[in-house]
Amino acid sequence: MEDAYVIYGGKPLKGNIKLSGAKNIALKVIIASLLFENEVVLHNIPRINDVFALLDLIKHLGGTFEFNNNTLRLQGKTLEKNRVDLLHGSHLRASFMLFAPLLHRFKECYVPNPGGCRIGARPIDRIVDGMKQMGVRIAYDSETGYYHATLSEKTHGTYRFQKPSHTGTELLILLGIMGNGRSVIHNAALEPEIDELIRFLNAGGAKVRRDNNTIIIDPVDSLSQKEPFTIISDRNEAVTYATLAIATKGDIVIHDARPNLLKKFLAELAKVGGGIEKLEENQLRFFYKGDIKSSRIETAPHPGFMTDWQPNWAVLMTQANGESIIGERVFENRFSYVDELKKVGAEIDYVKLPVSDPREYFFFNFDPKKKYNQTIRIKGQQELHGGALTIADLRAGATLAIAALIAEGESVISGASILERGYERFVEKIRMIGGSIKKYD
Ligand code: EPU
């Protein structure tokens, strides 16, 4: 058996977890480093498959780096190719952010249609629109699957996102920094990961500021790092271990968990009766303190309940006291775990919620001709049992692992490498809190 976990569940998980660096900050900061003139040193870079995939891409483009333990030293000046490798690029959603360093270095580049987790169509129409407003000429060649982009004379602009885009906002910031005039992004996304990227850029000399959902970028001639930058912890990883603590009736202290980045999750968890205790600054204890109540949540961009948290939440709700509802507004197809959970005893079905204007309500491009399944109903107090499960996307992966750790008996979960796109030392961490897990590789 390849690429699978074998898990024996049914035990309360207890102990300490130290979070790793945030995937969705690390990937963007690594790409932004390619704009810098000097060597960039980054601490707390997680050793996860998405980071390795990005580094392979960068190596292919001629970038040079050393990655020891969790410290990455990276040189963007050595880039020598302007065409992103199709195989690697099409597997990593963040790869289209490479437009910025490649245009900066070569004024022209080729980037494949981005991939990433299979959680819906994930088009980049708004982002391409924004790039055009920032002075990039860009065209898609459907035969090769590549975008071809060139810089025009005016490399700055103003753009209003019709609906916010997290990575789109980040790409436009990177394009604006090296522009030849002020750029302004309206209706920019509010995710804190973007603010960490801005903090990194400004420490290297950039002039980027946020005024709520407006971002103003004044160009600079060059960027250079003055001191090493440390990636903050991963809030999605925090949610996974917090959920594990409550769902297995355990007790886990999470170190380096930042409550201000988890506000909506903590509020919902408190509402359903999960035990939460702040032990120290950035140290949170999550523990089972009795029956979990059912809930109704819907996902939204920050500061809402994050889409990345709902798959974990769903498995917790299989243990709740009553029927729960989860509505997904940000991505299509983020319920790949539903059929898998049903295999181990969960009772979940799709329901339709009356939505007055779906084009407004959903953050993806809603097509009235398409059939969507965006809301699930979960029956509570289900006794989960072991089974053979398959991971289809990253967050679904953690969800299936939580289910297997709740369930009595043996489970085999295929697709470990998908979970490990985003979770560092997963097996080791689960064992540290008393879980029984083995990996076949
Ligand atoms: N969208 C479009 N057109 C665009 C841009 C976005 O239709 O031009 C749609 C997307 O398909 C999606 C919605 O708009 O339905 C929101 O997309 P957004 O661009 O905000 O998301 P993203 O940048 O692709 C990032 C994270 C996700 C995280 C979301 C929300 C990275 C690499 N990915 O996605 O993380 O869920 O923001 O915060 O930063 C994960 O880590 O597992 C993950 C999926």
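First listed ligand is number 1; within each ligand, the first listed atom is number 1. Only a predicted model underlies this, so the values are computations on that prediction, with no experimental measurement involved.
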Legend entry - Listed partners of Tyr5 passing ring-ring contact (aromatic ring centres under 6.0 Å, His included), at least two apart: Phe426
Legend entry - Selection from Arg334, Glu170, Glu191 by shortest heavy-atom distance to atom 44 (C) of ligand 1: Arg334
Legend entry - Qualifying residue for side chain to side chain donor-acceptor pair (under 3.5 Å) with Asp308, from Arg334, Lys23, Arg235: Arg334
Inset, instruction - Report yes or no: does Gly422 have a heavy atom closer than 4.0 Å to ligand 1? - result: no
Inset, instruction - Measure His166 to ligand 1 on non-hydrogen atoms and call it side chain, backbone, both or neither using the 4.0 Å cut-off. - result: both
Legend entry - Within 6.0 angstrom of Arg431 CZ, more than 12 heavy atoms from elsewhere: yes
Inset, instruction - Go through ligand 1 atom by atom and flag the ones less than 4.0 Å from a non-hydrogen atom of Leu394. - result: 42 (O)
Legend entry - Charged N-O contact under 4.0 Å between Arg421 and Asp50: yes
Inset, instruction - Would you confirm whether the ring centroid of Tyr372 sits within less than 6.0 angstrom of the ring centroid of Phe366? - result: yes
Legend entry - Best match, Val330, Asp125, Asn365: closest heavy atom to atom 16 (C) of ligand 1: Val330
Legend entry - Numbered atoms of ligand 1 (with element) below 4.0 Å of Lys28, judged on heavy atoms: 31 (C), 32 (C), 39 (O)
Legend entry - ligand 1 versus Thr167: contacting region, heavy-atom distance under 4.0 Å: both
Inset, instruction - Could you tell me if any non-hydrogen atom of Thr307 lies under 4.0 Å from any atom of ligand 1? - result: yes
Inset, instruction - Under 4.0 Å, heavy atoms only, figure out whether ligand 1 is touched by the backbone of Glu193, its side chain, both or neither. - result: neither
Inset, instruction - Output, in order, the C-alpha distance, side-chain angles, deciding distance and verdict of side-chain contact (heavy atoms from CB on, under 4.5 Å) for Leu86 and Tyr146. - result: CA-CA 8 Å; Leu86 181 62; Tyr146 271 85; 3.4 Å; yes
Inset, instruction - Can you establish whether the number of heavy atoms outside Arg73 located under 6.0 Å from its atom CZ is more than 12? - result: no
Legend entry - Distance filter under 4.0 Å to Phe363 heavy atoms, resulting ligand 1 atoms: 13 (C), 14 (O)
Inset, instruction - Please work out which of Met97, Met306, Lys163, Arg126 has its closest non-hydrogen atom nearest to atom 14 (O) of ligand 1. - result: Arg126
Legend entry - Nearest non-hydrogen partners of Ile215 and Ile173, listed with the distance: CD1-CD1, 3.9 Å
